[in-house]
Amino acid sequence: MSNVNSILSILAATYPEAHCELNFSTPFELLIATMLSAQATDKKVNQVTERLFRDYKTPEQFLTMSLAEMEQAIKELGLYHNKAKNILATCHILVENYGGEVPGSMEALTQLPGVGRKTANVVLSNAFHIPAMAVDTHVLRVSNRLGLASGTNPDLIEKQLMSCIPRSQWIQAHHWLIWHGRRICAARNPKCPECPLSPLCPSRLLPA
DNA sequence: AACTCGGGGCA
DNA sequence: TGCCCAGAGTT
């Protein structure tokens with residue numbers, strides 16, 4: 001059994017219920033939640049979107065909000081001016097070009113203002129169930145530490161992970177790596193002594 | 001590759 | 001008080 005397969009099976013056993021922690025009930029809601037999640041905690045995003053989606057459910061309804069109203073609604077997440085502007089511009093495109101629906105292709109999604117490859121992959125994998133690997137800071141850090149990938153370019157990390165992980169596990173592996181990054185393999189003070197992957201990890205910290 | 005946007009949470 | 005948080009766009 002290869003090292004990668006060992007790592008994947010341990011992650012699978014450790015986080016059997018790993019899933020997307022952004023709350024959504026439609027592709028549109030996931031797109032908005034993911035756009036809002038940049039440099040914010042998913043818990044805060046869920047608090048904000050719970051309020052937002054109670055009153056506004058479609059791009060058409062979002063467009064009834066002014067920029068100032070949108071900024072106020074999402075202010076506590078930070079980066080609110082760019083997020084609000086991009087969300088309204090994206091809703092406009094969804095209504096004008098896609099009949100108010102979220103397109104299900106990488107090309108169309110990344111053409112939307114404020115939607116990059118990471119956000120697009122989250123929407124494609126979680127809302128459309130299309131195999132994809134979304135590389136955020138957690139996935140980048142953890143995959144580097146574990147030796148599953150190397151470098152700082154998210155696009156290259158994505159390719160490396162997609163080549164060493166079976167396609168059928170891309171979506172789950174994405175969630176496993178994030179859950180592991182948040183619970184054990186944190187950016188600061190990783191909990192190596194209690195990490196089930198420690199014996200396989202090239203970057204493990206020896207107990208002090 | 002480096003910078004900027006940004007309020008909130010947590011040690 | 002300092003640093004990180006399920007990033008993207010511009011320079």
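Chain letters run A, B, ... following the sequence lines, proteins first and then strands; every chain starts at 1. Computed from heavy atoms alone, side chains included, the values below leave out hydrogens, waters and symmetry copies.
Using a 4.0 Å heavy-atom cutoff across all strands shown, K83(A) reaches no nucleic acid atom at all. Nucleic acid contact class of V115(A) (heavy atoms, under 4.0 Å, all strands): sugar-phosphate only. Residue contacts for H174(A): at a heavy-atom cut-off of 4.0 Å it reaches a base atom on one of the strands shown. Within the nucleic acid shown, T119(A) comes within 4.0 Å of sugar-phosphate atoms alone, with no base atom in reach, counting heavy atoms only.
In the set dG7(B), dA6(C), dC5(C), the nucleotide with an atom closest to the side chain of Y80(A) is dG7(B). Here the nucleotide nearest the side chain of E76(A), chosen from dG7(B), dG6(B), dC5(C), is dG7(B). Comparing dA1(B), dA6(C), dG6(B) by their closest approach to the side chain of N82(A) singles out dG6(B). Distance from the side chain of A187(A) is smallest to dC4(C) among dC4(C), dA6(C), dG6(B).
Atom CD1 of I157(A) and atom C1' of dA6(C) are 16 Å apart (whole Å). Whole-Å rounding puts the Q39(A) CD to dC3(C) P distance at 15 Å. Look at CD1 on I171(A): it is 20 Å from P on dA6(C), rounded to the nearest Å. Protein atom CE of M35(A) is 14 Å distant from nucleotide atom P of dG6(B), rounded to whole Å. Regarding I74(A), its CD1 atom lies at a distance of 16 Å from the C1' atom of dC5(C), rounded to whole Å. In this structure, L112(A) atom CG and dG7(C) atom P are separated by 18 Å, rounded to whole Å. Regarding N46(A), its CG atom lies at a distance of 14 Å from the P atom of dG9(B), rounded to whole Å. Rounded to whole angstrom, the span from the CD atom of E158(A) across to the C1' atom of dG7(C) amounts to 14 Å.
Mapped onto DNA chain C by nearest heavy atom, R117(A) and L77(A) fall at different nucleotides, with L77(A) at the one closer to the 5' end. In terms of position on DNA chain B, the residue among L79(A) and K43(A) whose nearest nucleotide sits closer to the 5' end is L79(A). Both R188(A) and A120(A) sit near DNA chain C, but only R188(A) has its closest nucleotide nearer the 5' end. Along DNA chain B, the nucleotide closest to N153(A) and the one closest to K44(A) are compared, and the more 5′ of them pairs with N153(A).
Using a 4.0 Å cut-off, no side-chain N or O of H81(A) falls inside it from OP1 or OP2 of dC5(B). The phosphate of dA6(C) (OP1 or OP2) has a side-chain N or O of R182(A) nearer than 4.0 angstrom. S37(A) has no side-chain polar atom (N or O) that falls below the 4.0 Å cut-off from OP1 or OP2 of dC5(C). The phosphate of dC5(C) (OP1 or OP2) has a side-chain N or O of R141(A) nearer than 4.0 angstrom.
Looking at every heavy atom in both residues, A73(A) comes nearest to V48(A) through O-CG1, 3.5 Å.
Across dA6(C) and dT4(B), the matching P atoms stand 23 Å from one another, rounded to whole Å. Here, dC4(C) and dC3(B) have their P atoms 15 Å apart, quoted to the whole Å. Rounded to the nearest Å, the gap between the C1' atom of dG9(B) and that of dA8(C) is 23 Å. Spacing between dG6(B) and dT10(C) at atom P, rounded to whole Å, works out to 14 Å.
Annotation: side chain of F28(A) is in contact with side chain of L94(A) (closest heavy-atom distance under 4.5 Å).
By the criterion of side-chain heavy atoms lying less than 4.5 angstrom apart, applied directly or through intervening Ile, Leu, Val, Met, Phe, Trp or Tyr residues, L124(A) is not grouped with W170(A); the two fall into different hydrophobic clusters. Under the 4.5 Å side-chain heavy-atom criterion for grouping Ile, Leu, Val, Met, Phe, Trp and Tyr, W179(A) is connected to L8(A) within one hydrophobic cluster.
By the 4.0 Å N-to-carboxylate-O rule, D155(A) lies too far from K118(A) to be salt-bridged with it. Electrostatic pairing of E76(A) and R51(A) counts as a salt bridge here, judged by a charged N lying under 4.0 Å from a carboxylate O.
More than 12 non-hydrogen atoms from other residues, nucleotides or ligands lie less than 6.0 angstrom from NZ of K57(A).
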